[in-house]
S.K.: 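Pasting a structure here, questions to come.
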Amino acid sequence: MLEKSRRWKNRKYLNWVATLPCAHCKREDDTVVAHHLKGRCAPYSGGMGLKASDWLTMPLCYECHGRMHNGDRDLIDFQVFPMILSTLDIAFREGVLK
């Protein structure tokens, strides 16, 4: 049996992600939150009833976050990974992650 992987949790990182502009529309306001990877990317996206690790997040404003949760195929299929990788790139360049 495969061992269940442990989630990396870091509230400080999530709070930092929420200070960035929306990864999709570039909006900069107080509606931006850290959105976790979801969906077909198991085991990285968590799984049934589980959340992905906090490093697999991207900043999304209220509108884009809603589109993601409502199944917007353009966002989910083509933009999730570039948005997460861009967030990680900024985090490493700014020394938030080492």
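The shown structure was predicted, so the numbers you read here are calculated from the model rather than taken from an experiment.
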S.K.: If you group Ile, Leu, Val, Met, Phe, Trp and Tyr by side-chain heavy-atom gaps below 4.5 Å, do I90 and V33 land in one group?
M.R.: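 Result: no, two separate clusters.
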
S.K.: Could you state the interatomic distance from CD (E94) to CG (L20), rounded to the nearest 0.5 Å?
M.R.: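 Separation between the atoms: 7.0 Å.
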
S.K.: Please test V80 against M68 for side-chain contact (heavy atoms from CB on, under 4.5 Å), starting from the C-alpha separation and ending with a verdict.
M.R.: CA-CA 9 Å; V80 167; M68 186 74 73; 3.8 Å; yes

S.K.: Rounded to the nearest 0.5 Å, what's the gap from CG on L88 to CE on M58? Could you check?
M.R.: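 It comes to 10.0 Å.
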
S.K.: Does the side chain of N15 come within less than 4.5 Å of K12's, by heavy atoms?
M.R.: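 The answer is no; the side chains never approach within 4.5 Å.
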
S.K.: When rounded to the nearest 0.5 angstrom, what is the spacing between CG in L56 and CG in L85?
M.R.: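 The distance works out to 9.5 Å.
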
S.K.: With no hydrogens and no angle check, is any side-chain donor or acceptor of S53 less than 3.5 Å from a backbone partner on W8?
M.R.: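 Judged by distance alone, yes, a pair lies under 3.5 Å.
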
S.K.: Any idea which heavy atoms bring T87 and P59 closest together, and the distance?
M.R.: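 For T87 versus P59, the nearest heavy atoms are OG1-CD, 3.2 Å.
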
S.K.: Roughly how far, to the nearest 0.5 Å, is the CG atom of N10 from the CH2 atom of W55?
M.R.: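 Going from CH2 on W55 over to CG on N10, the span is 13.5 Å.
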
S.K.: Identify the two heavy atoms, one from C22 and one from C61, that lie closest to each other, and give their separation to 0.1 Å.
M.R.: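 In this case the closest contact between C22 and C61 is SG-N, 3.4 Å.
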
S.K.: Do M83 and H35 have side-chain heavy atoms sitting under 4.5 Å apart?
M.R.: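 When only atoms from C-beta onward are counted, H35 and M83 do not touch, as no gap falls below 4.5 Å.
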
S.K.: I want to check something: taking the side chain as every heavy atom from C-beta on, are W16 and L97 in contact at a cut-off of under 4.5 Å?
M.R.: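 Not touching, per the 4.5 Å side-chain cut-off.
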
S.K.: Are V17 and L37 in one and the same hydrophobic cluster, where Ile, Leu, Val, Met, Phe, Trp and Tyr link if side-chain heavy atoms are under 4.5 Å apart?
M.R.: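 Yes; tracing contacts between hydrophobic side chains, which count when under 4.5 Å, links both residues.
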
S.K.: Answer whether the closest heavy-atom distance between the side chains of D29 and Y62 falls below 4.5 Å.
M.R.: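 No; the side chains remain at least 4.5 Å from each other.
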
S.K.: Got D54 and R7 here, is their nearest side-chain heavy-atom distance under 4.5 Å?
M.R.: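 Yes, their side chains come closer than 4.5 Å.
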
S.K.: For side-chain contact (heavy atoms from CB on, under 4.5 Å), just list the numbers for R27 and E63, CA-CA rounded to whole Å, side-chain angles, deciding distance to a tenth of an Å, and then say yes or no.
M.R.: CA-CA 10 Å; R27 179 178 293 163; E63 184 177 321; 3.7 Å; yes

S.K.: CD1/I84 to CD/Q79 distance, rounded to the nearest 0.5 angstrom?
M.R.: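 These two atoms lie 12.0 Å from each other.
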
